[in-house]
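Positions are given from 1 along the sequence. We count ligands from 1, going down the list as the structure has it; atoms in each ligand are counted the same way.
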Amino acid sequence: MSIIATALEQVRERIREAERCFDREPGSVGLLAVSKTRPAADILEAMAAGQRQFGESYLQEALEKIQQLQGEGLKWHYIGRIQSNKTRPIAEHFDWVHSIDKAKQARRLNQQRPDGLPPLNVCLQVQIDREESKGGLSPDQAAELALEIRHMPRLQLRGLMTLPAPAEGLEAQRRPFHALRRLQQRMSTPQLPLDTLSMGMSDDLEAAIAEGATLVRVGTAIFGPRHPTTAKST
Ligand SMILES: *Cc1c(COP(=O)(O)O)cnc(C)c1O
């Protein structure tokens, strides 16, 4: 087995173990492999080991990989910062966007999503622990934007995403995830069911699963440490 295949199996085992430990239904937590800064060859290795959903943060390198791996049946999730003037390629090439934090981004993605494609799956990024996490809407802003997205035919609002500041220990890690889940419950209605909680990464996926994560976003634990110098910004 390749190093990536072995690491992927270990992450799957962590997810299964956390599902057991925290009374989650087996198979209820999805795995998004975060392949930012990694070459297409790494994605092919993960793919050979059964992984289909990949997350990218830097638009330019993501578009190159999506092009290279066309026809492989992969699902692409955009999880990085969104510049409002660069929404078109996101609307045209991705299946999901996790990082919407402005109404303008949602409006543009809705206008630019091509008719031949299914509606774009979106999550709102929420700054659940206030100033500490990296970007996002306040809970009230998220609730307000969700109502507006309900009237956008080319977007399918799936849920909420958060990227909390790193914390030590299970209890401290669970706190922001618990708050995000509470917000999701508050925002879900029969007309607008939110089925996705995108939370948890390499270091805190157990805490996120304990609090109801449906999709964990894991990079380092699958592909190894990132080399910052190889990261292209947007
Ligand atoms: C990089 C990144 C991840 C993955 O983080 P790891 O600690 O490498 O698992 C998850 N979510 C977002 C939004 C990221 O930018």
K.L.:
Test side-chain hydrogen bond (donor to acceptor under 3.5 Å, both in side chains) on Arg158 and Asn121 and set out the steps.
P.N.:
CA-CA 6 Å; Arg158 300 296 299 270; Asn121 296 294; 3.0 Å; yes
K.L.:
Out of all atoms in ligand 1, which are within 4.0 Å of some heavy atom of Val218? Include the element for each.
P.N.:
9 (O)
K.L.:
Counting heavy atoms only, which of Thr37, Ile79, Val34 comes nearest to atom 13 (C) of ligand 1?
P.N.:
Ile79
K.L.:
Check if His98 has a non-hydrogen atom at a distance under 4.0 Å from any atom of ligand 1.
P.N.:
no
K.L.:
Quick test: of every protein heavy atom, which one is nearest to atom 9 (O) of ligand 1, and how far off is it to 0.1 Å?
P.N.:
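In this structure, atom 9 (O) of ligand 1 has Ser202 OG, 2.5 Å as its nearest protein heavy atom.
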K.L.:
Does the residue Ser57 have a heavy-atom contact with ligand 1, meaning some pair of atoms that are separated by less than 4.0 Å?
P.N.:
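Judged by the 4.0 Å heavy-atom criterion, Ser57 does count as contacting ligand 1.
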K.L.:
Applying the 4.5 Å side-chain criterion to the ILVMFWY set and letting contacts propagate, would Leu180 and Leu124 be lumped into a single cluster?
P.N.:
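Yes, Leu180 and Leu124 fall within the same hydrophobic cluster.
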K.L.:
Ion pair present between Glu56 and Lys65, side-chain N to carboxylate O less than 4.0 angstrom?
P.N.:
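Salt bridge present between Glu56 and Lys65.
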K.L.:
Please collect all salt bridge (charged side-chain N to carboxylate O under 4.0 Å, His left out) contacts where either partner lies in residues 198-208, sequence neighbours excluded, each pair once.
P.N.:
Arg14-Glu206
K.L.:
Could you check whether Glu148 pairs with Arg107 (Lys NZ or Arg NE/NH1/NH2 to Asp/Glu carboxylate O, under 4.0 Å)?
P.N.:
yes
K.L.:
Tell me which one of Met201, Arg217, Lys36 gets a heavy atom nearest to atom 2 (C) of ligand 1.
P.N.:
Lys36
K.L.:
Considering heavy atoms of the protein only, find what lies nearest to atom 8 (O) of ligand 1 and give residue, atom and distance to 0.1 Å.
P.N.:
Thr220 OG1, 2.5 Å
K.L.:
I want to know if ligand 1 touches Leu163 in the polar sense, i.e. an N/O pair below 3.5 angstrom.
P.N.:
no
K.L.:
Taking atom CD of Glu13 as the centre, report whether more than 12 heavy atoms of other residues, nucleotides or ligands fall under 6.0 Å from it.
P.N.:
yes
K.L.:
Is the shortest heavy-atom distance from the side chain of Pro89 to the side chain of Leu63 under 4.5 Å?
P.N.:
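They are in side-chain contact.
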K.L.:
Could you tell me, atom by atom, which parts of ligand 1 come under 4.0 Å of a heavy atom of Arg226?
P.N.:
1 (C), 8 (O)
K.L.:
Give the numbers and elements of all ligand 1 atoms closer than 4.0 Å to a heavy atom of Gly219.
P.N.:
4 (C), 6 (P), 8 (O), 9 (O)
